[in-house]
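First comes the structure, then the notes that go with it.
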Amino acid sequence: MTFRDAQDQAVAKPTSPAPPAPPTATPTPLPNWPVDAADSGSGPAPGSTAEKGTSPLPKLRLEIHNLDHPGAAKFLSAINPTTVLSTAIKNVLCLLYQSPTNQHPDAPPTRSVTLILRDMAGVAHTRGIPLDDDHKEIHLSLNYINSIHPPSRLAHEITGVITHEAVHCLQWDGLKTCPGGLVEGVADWVRLRCDLGPPHWRRETDGGWDRGYQHTAYFLQYLEARFGEGTVRRVNEKLRVREYKGESFWPELLGQSAEQLYGDYVEKSKGGE
Ligand SMILES: [Zn+2]
């Protein structure tokens with residue numbers, strides 16, 4: 001039966017013995033399909049997290065822009081798309097806030113994270129949407145996914161990149177004054193802590209402490225070992241409450257300048273420890 005047939009039928013066949021038919025029109029009934037309470041506009045289902053006004057995580061979404069791209073097939077064959085983003089976000093919240101949810105009062109008010117797979121140059125980047133910076137987009141290159149070799153590395157590498165980008169959705173940046181090297185270092189430190197670093201990463205000590213990415217991540221790993229678990233969490237917390245000033249940031253936090261701390265790190269690394 002077509003929908004139009006159903007409409008005609010509904011009008012033509014009254015359901016009970018006929019009192020005199022009123023001359024007024026009756027609304028066409030909607031098809032009697034089951035309707036999910038969450039979509040019905042009638043409010044959340046009893047007991048749902050929406051009813052309580054809390055959500056353990058930001059709203060998470062996935063967009064794949066080019067399903068005919070070979071990178072899309074590789075992504076879907078290697079990754080569980082329903083869990084990869086939530087797992088990354090939970091790891092970030094655990095390591096930077098010791099919290100299983102983004103309801104922690106010190107976490108940024110990130111309301112949604114959308115993972116967008118598309119044909120683009122580079123590997124990945126994260127940005128807030130123009131109208132509202134609390135909604136984040138992680139752009140991940142299908143070309144990059146297609147280039148990962150051997151295929152056995154796909155899951156590990158993609159999960160590592162997404163974890164790095166998830167940090168950018170939830171870290172603080174000293175009111176936008178934090179050096180980029182430290183921002184990227186914290187992101188790769190989380191990746192390192194999750195044992196998701198790629199095989200080419202090495203503890204290298206040339207360049208400064210703020211060289212960024214894995215170079216700064218290994219330095220932060222050293223600081224965690226020296227000053228105790230939670231040191232990077234304290235770095236992030238300090239970046240929440242005030243602007244970054246290099247001459248005071250590290251002495252206030254750890255009693256020495258970044259250069260002194262990095263010198264100690266280089267010496268220790270040379271010693272093979
Ligand atoms: Zn980054």
Side-chain angles (χ1 to χ4, degrees), residues 58 60-63 71 75 79 84-97 102 107-108 110 112-130 133-145 147-148 153-204 207-221 223-224 232-233 235-240 244 249 258:
L60 303 178
R61 308 192 305 164
L62 171 66
E63 295 178 13
F75 177 87
I79 294 291
V84 64
L85 193 51
S86 60
T87 300
I89 295 281
K90 286 175 189 171
N91 281 334
V92 176
L93 290 166
C94 176
L95 286 168
L96 293 188
Y97 302 98
N102 75 326
T110 301
S112 73
V113 179
T114 303
L115 174 61
I116 300 172
L117 274 56
R118 63 183 179 89
D119 189 342
M120 67 178 208
V123 176
H125 60 262
T126 295
R127 66 188 186 197
I129 67 170
D133 195 47
D134 294 343
H135 295 283
K136 303 295 187 185
E137 291 180 346
I138 296 174
H139 293 248
L140 176 56
S141 167
L142 287 168
N143 305 322
Y144 178 68
I145 292 172
S147 74
I148 297 170
R153 283 193 55 238
L154 276 165
H156 191 267
E157 175 64 13
I158 293 170
T159 307
V161 171
I162 290 174
T163 299
H164 173 110
E165 298 302 326
V167 177
H168 292 327
C169 298
L170 291 161
Q171 72 183 147
W172 293 106
D173 61 2
L175 307 171
K176 301 193 184 304
T177 62
C178 182
L182 183 53
V183 170
E184 297 300 341
V186 170
D188 267 353
W189 174 80
V190 170
R191 185 172 174 178
L192 200 57
R193 275 296 311 268
C194 294
D195 204 17
L196 288 169
H200 69 267
W201 279 13
R202 297 281 181 276
R203 185 191 302 272
E204 296 165 337
W209 71 271
D210 55 353
R211 190 174 158 194
Y213 295 105
Q214 74 269 25
H215 308 290
T216 301
Y218 281 114
F219 174 54
L220 294 172
Q221 184 187 58
L223 295 180
E224 281 266 317
V232 176
R233 204 159 55 240
V235 168
N236 182 61
E237 168 62 13
K238 198 169 175 61
L239 291 169
R240 178 179 73 87
Y244 179 90
F249 186 90

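Numbering of ligands and ligand atoms starts at 1, following listing order.
- As for E184, its N/O/S atom nearest the Zn ion (ligand 1) is the one called OE1.
- Between the side chain of R191 and the backbone N or O of T163, no donor-acceptor pair lies under 3.5 Å.
- In this structure, D210 contributes its side chain and L182 its backbone to no donor-acceptor pair below 3.5 Å.
- Restricting H168 to its N/O/S atoms, the shortest distance to the Zn ion (ligand 1) is reached by NE2.
- Under 2.8 Å from the Zn ion (ligand 1) lies no N/O/S atom of H125, from backbone or side chain alike.
- Between W209 and F219, the ring planes lie tilted relative to each other; the angle falls in the 30° to 60° range.
- For the pair I129/E137, a side-chain contact is recorded, criterion being any heavy-atom separation below 4.5 Å from C-beta on.
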